[in-house]
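Notes follow once the structure below has been shown.
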Amino acid sequence: QVQLVESGGGLVQPGGSLTLSCAASGTILRTNTMGWHRQAPGKGRELVATFTNSGSTNYADSVKGRFTISRDNARRTVYLQMNSLKAEDTAVYYCNGDFNVPTRPYRLEVWGQGTLVTVSS
């Protein structure tokens with residue numbers, strides 16, 4: 001069983017910064033793409049950023065230039081550095097990952113439980 005545990009959410013003022021972390025645990029043969037999504041109150045879940053195992057990154061237009069996704073493969077951890085935060089960034093942020101595992105179904109997509117980020121003065 002693979003699990004993802006997020007941390008780092010909280011309350012921050014507009015213009016401030018916050019870093020989210022997401023650590024994977026379990027028996028993993030290979031970590032493929034990992035990423036962050038978010039869901040604002042009353043809205044659907046949207047992609048924020050992804051990081052493939054070849055090192056490619058992708059960002060939502062709304063966060064380009066402000067957010068940076070990074071990855072530490074040794075620690076099986078993905079990070080989201082968020083700068084110049086705006087009120088509209090307020091959401092529950094979810095980590096997800098795509099993993100090869102040794103037992104059926106041999107490949108899993110796993111989601112974390114989410115961490116709340118509130119941007120407010």
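Numbers here are sequence positions counted from 1. Keep in mind that the numbers below use all heavy atoms, side chains included, and drop hydrogens, waters and symmetry copies. Every value quoted in this text rests on a predicted model; they were computed, and no experiment measured them.
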Minimal heavy-atom distance between Arg107 and Val101, with the atoms involved, is N-CG2, 4.0 Å
Going only through I, L, V, M, F, W and Y residues with side-chain contacts under 4.5 Å, is there a path from Tyr79 to Ile28? no
Rounding to 0.5 Å, atoms OG1 (Thr115) and OH (Tyr93) come to a distance of 10.5 Å
CG on Leu20 to CD on Glu6, rounded to 0.5 Å: 8.5 Å
Which atom of Val92 lies closest to which atom of Leu116, heavy atoms considered: CG2-CD1, 4.0 Å
Do other residues, nucleotides or ligands put more than 12 heavy atoms under 6.0 Å from the CD atom of Gln39? yes
Please determine whether side-chain contact (heavy atoms from CB on, under 4.5 Å) holds for the pair Leu29 and Phe99, giving the CA-CA distance in whole Å, both sets of side-chain angles, and the decisive distance to 0.1 Å. CA-CA 7 Å; Leu29 297 180; Phe99 304 96; over 6 Å; no
Classify the side-chain pair Ser121/Gln13 by whether it contains a donor and acceptor separated by less than 3.5 Å. no
Can you find a side-chain donor-acceptor pair between Ser120 and Thr118 that sits under 3.5 Å? no
Judged by atom type as modelled, is there a donor-acceptor pair below 3.5 Å linking the side chain of Arg76 to the main-chain atoms of Thr31? no
Rounded to the nearest 0.5 Å, how far apart are CD1 of Ile69 and CE of Met82? 11.5 Å
Once rounded to the nearest 0.5 Å, what's the spacing between atom CG of Leu4 and atom OG of Ser21? 12.5 Å
Give the minimum heavy-atom separation between Leu80 and Ala49, together with the two atoms involved. CD1-CB, 4.3 Å
Minimal non-hydrogen separation, Asn32 against Arg71, with atom names: O-NH1, 2.7 Å
How about CD on Gln1, more than 12 heavy atoms from neighbouring residues, nucleotides or ligands closer than 6.0 Å, or not? no
Interatomic distance, CG@Leu85 vs CZ@Arg66, rounded to 0.5 Å, equals 6.5 Å
Minimal heavy-atom distance between Val48 and Phe67, with the atoms involved, is CG1-CD2, 3.8 Å
Write down the atom of Val5, the atom of Gln113, and the distance for their closest heavy-atom approach. CA-OE1, 3.9 Å
Check this for me, if you would: do Asp89 and Lys86 make a salt bridge, where the nitrogen-to-carboxylate-oxygen distance has to be below 4.0 angstrom? no
Rounded to the nearest 0.5 Å, the CG atom of Asp98 sits from the CD atom of Glu109 at a distance of 6.5 Å
In terms of relative ring orientation, are Trp111 and Tyr94 parallel, tilted or perpendicular, with 30° and 60° separating the classes? perpendicular
